Amino acid sequence: MFKEIKISTSKKNEMIDITSSVEKVVNASGSDSGICVVYVPHTTAGIVIQENADSNVQKDLLNALEAMIPKINFSHAEGNSDAHLKSVLVGKEKTLVVEKFSLKLGKWDAIYFAEFDGPRERTFYVKVVEG
Amino acid sequence: MFKEIKISTSKKNEMIDITSSVEKVVNASGSDSGICVVYVPHTTAGIVIQENADSNVQKDLLNALEAMIPKINFSHAEGNSDAHLKSVLVGKEKTLVVEKFSLKLGKWDAIYFAEFDGPRERTFYVKVVEG
Amino acid sequence: MFKEIKISTSKKNEMIDITSSVEKVVNASGSDSGICVVYVPHTTAGIVIQENADSNVQKDLLNALEAMIPKINFSHAEGNSDAHLKSVLVGKEKTLVVEKFSLKLGKWDAIYFAEFDGPRERTFYVKVVEG
C-alpha cells in the first residue's frame with residue numbers, strides 16, 4: 001500500500017503531527033503485521049518521531065536545531081543551507097513497526113512532519129509492506 | 001516476527017550493546033533474507049550503529065553529543081530537552097539487512113541502545129520482515 | 001534482492017552520488033512495489049539523501065558538519081572520532097520507497113555515499129524487499 005499525502009505548512013520552522021494520517025494508511029492497508037515507511041520527498045524538511053504530550057518539546061527542538069547551525073559562510077545561492085542541514089540532521093525517512101493492524105509506537109510517540117523552509121505546499125509518502 | 005525486549009540502563013548517558021539480542025530474534029525468525037527494524041518506543045533514547053572495537057568511540061560520541069547541546073533556555077518543564085534533542089540527532093529506529101539467516105552488519109558494526117535520560121527501565125522492538 | 005557495491009573515495013570528506021547504482025539494483029530486482037534499504041557497513045561514513053541540483057548544497061553540508069564537531073578532547077586513539085560522530089549524525093542506513101518498478105524519490109533527491117574518513121576503498125549494501 002502506497003499513499004502520497006499533501007500538507008500545507010505555515011511557518012519557516014514548524015512541526016506538524018501527522019500520526020493520524022499515517023495510521024489511516026496502515027488501517028486501509030489491512031496489514032496485520034509489517035513495516036511502514038514515512039518518507040519526505042523534499043530536501044529542506046524531515047520526519048521526526050517525538051513526544052506529543054508537551055508542545056514545548058517541539059518548540060525546544062526547533063530552537064535547539066536553529067542554535068546548532070554553525071556561523072559559517074554558506075555557498076548555496078538559494079540561502080537555505082540551514083534548512084538542508086536540519087533535514088540531514090533529523091532525517092527525512094523513518095521506518096515504523098506494524099503489529100496487530102496498527103502502528104506500534106511508544107506511549108508518547110507522535111510522527112511529525114518537520115518543516116525547515118516554509119511556508120510551502122508539501123507532500124509525504126506512506127508505504128506499508130506486509131510481512 | 002516481532003519481539004519487545006526489556007533493558008535496564010544505569011547512567012544518565014550510556015550506550016549498551018544489544019547486537020546479540022537483535023541477532024537472536026533474527027535467528028528465531030528463520031528468515032533467510034529480509035530486513036530487520038530496531039525501534040525504541042521512547043523519546044529520550046535512540047539506536048546507534050557504531051564501532052565496538054574500542055569503547056572510547058562510544059565515550060567520545062556521548063561526550064561530543066553532550067558538548068553539542070546549545071546553551072539556550074529550554075521551555076520543557078521536565079528539564080530533559082537535551083535528551084529529546086540527542087534522540088532526534090542519533091535517531092530512534094534503524095533498518096538492517098538480513099542475508100543468509102543473519103544480520104548483514106559491517107566488520108566493526110554493533111547495535112547500541114543509546115540512553116540519554118537514565119537510569120530507567122526501557123524497551124526496544126525488533127521486527128523482522130522476510131523478502 | 002541483495003547487492004554489495006564497491007566504491008573508491010578520494011578525499012577526507014566527500015559526498016558521492018550513488019543514485020544510479022541503487023536504481024540499477026531496484027531495476028534488476030524486478031520488484032514493482034516494495035522498499036529499498038541502502039546500508040553502509042562502515043562506522044566513519046554515512047548515507048545522505050539530499051539535493052543534487054546545486055553542488056554547493058553538498059559543499060555547505062560537509063563544511064557545516066565539520067564546523068559542528070565540538071572542540072573537546074577525544075579519547076579514541078585512531079584520531080578519527082570526528083568521522084564517527086558525523087556518521088552518527090547523518091546516519092548510515094536509509095529506507096526508500098519502491099513504486100512502479102522504480103525508486104520513489106523526490107524531484108531533487110539524490111542518494112549520496114558520505115565519506116568522512118577517506119580516501120578509502122568502501123562498500124555499501126542495497127537490499128530490495130517486495131511488498
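Keep in mind that this is a model prediction, so the values were computed, not measured. Labels below follow one simple rule: chain letters A, B, ... track the order of the sequence lines, proteins then strands, and each chain is numbered from 1.
- With rounding to the nearest 0.5 Å, the separation of CD in B:E130 from CD in C:E130 is 13.5 Å.
- Nearest heavy atoms, C:Y39 versus B:K104: CE2-O, 4.0 Å.
- Minimum heavy-atom separation, C:P41 to B:L105: CB-C, 4.5 Å.
- Looking at C:F74, the atoms closer than 4.5 Å to chain B (heavy atoms on both sides) sit in the backbone and in the side chain alike.
- The parts of B:V90 that come within reach of chain C are both its backbone and its side chain, each placing non-hydrogen atoms under 4.5 angstrom from that chain.
- A donor-acceptor contact closer than 3.5 angstrom links the side chains of C:K127 and B:S33.
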Item to complete: For side-chain contact (heavy atoms from CB on, under 4.5 Å), just list the numbers for B:E51 and C:E78, CA-CA rounded to whole Å, side-chain angles, deciding distance to a tenth of an Å, and then say yes or no.
Response: CA-CA 12 Å; B:E51 178 182 323; C:E78 267 191 274; 4.1 Å; yes

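- Residues B:Q50 and C:S87 are in side-chain contact: their nearest non-hydrogen atoms beyond the backbone lie under 4.5 Å apart.
- Note: B:Q58 CD to C:S75 OG = 11.5 Å, rounded to the nearest 0.5 Å.
- Summarising the geometry of B:I49 relative to C:E93, their closest heavy-atom pair is CD1-CG, 4.4 Å, with the distance given to 0.1 Å.
- One side chain, C:H76 or B:D54, offers a donor N or O that lies under 3.5 Å from an acceptor on the other.
- The side-chain heavy atoms of C:T43 and B:V57, taken from C-beta on, include no pair separated by under 4.5 Å.
- Using a 4.5 Å cut-off between heavy atoms, C:H42 touches chain B through its backbone atoms (N, CA, C, O) alone.
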Item to complete: Start with the C-alpha gap between C:N73 and B:N63, add the side-chain angles, then the distance that decides, and say whether side-chain contact (heavy atoms from CB on, under 4.5 Å) holds.
Response: CA-CA 9 Å; C:N73 291 319; B:N63 287 340; over 6 Å; no

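- Around the NZ atom of C:K12, the shell of radius 6.0 Å holds more than 12 heavy atoms that belong to other residues, nucleotides or ligands.
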Fill in: B:V97 and C:V126: CA distance, side-chain angles, deciding distance, side-chain contact (heavy atoms from CB on, under 4.5 Å) verdict
CA-CA 9 Å; B:V97 173; C:V126 184; over 6 Å; no

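- Only the side chain of B:K59 comes within contact range of chain C, with at least one heavy atom under 4.5 Å from a heavy atom of that chain.
- To the nearest 0.5 angstrom, C:L89 atom CG is 4.5 Å from B:M68 atom CE.
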Worksheet entry | Trace of the side-chain contact (heavy atoms from CB on, under 4.5 Å) decision for C:L85 with B:D60 | CA-CA 8 Å; C:L85 178 60; B:D60 285 351; over 6 Å; no

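- Residues C:I35 and B:I35 meet the side-chain proximity criterion, which asks for heavy atoms closer than 4.5 Å.
- Under the 4.5 Å side-chain criterion, counting only non-hydrogen atoms from C-beta, B:E99 is not in contact with C:E4.
- For B:A67 against C:I72, the heavy-atom pair with the smallest separation is CB-CG2, 3.9 Å.
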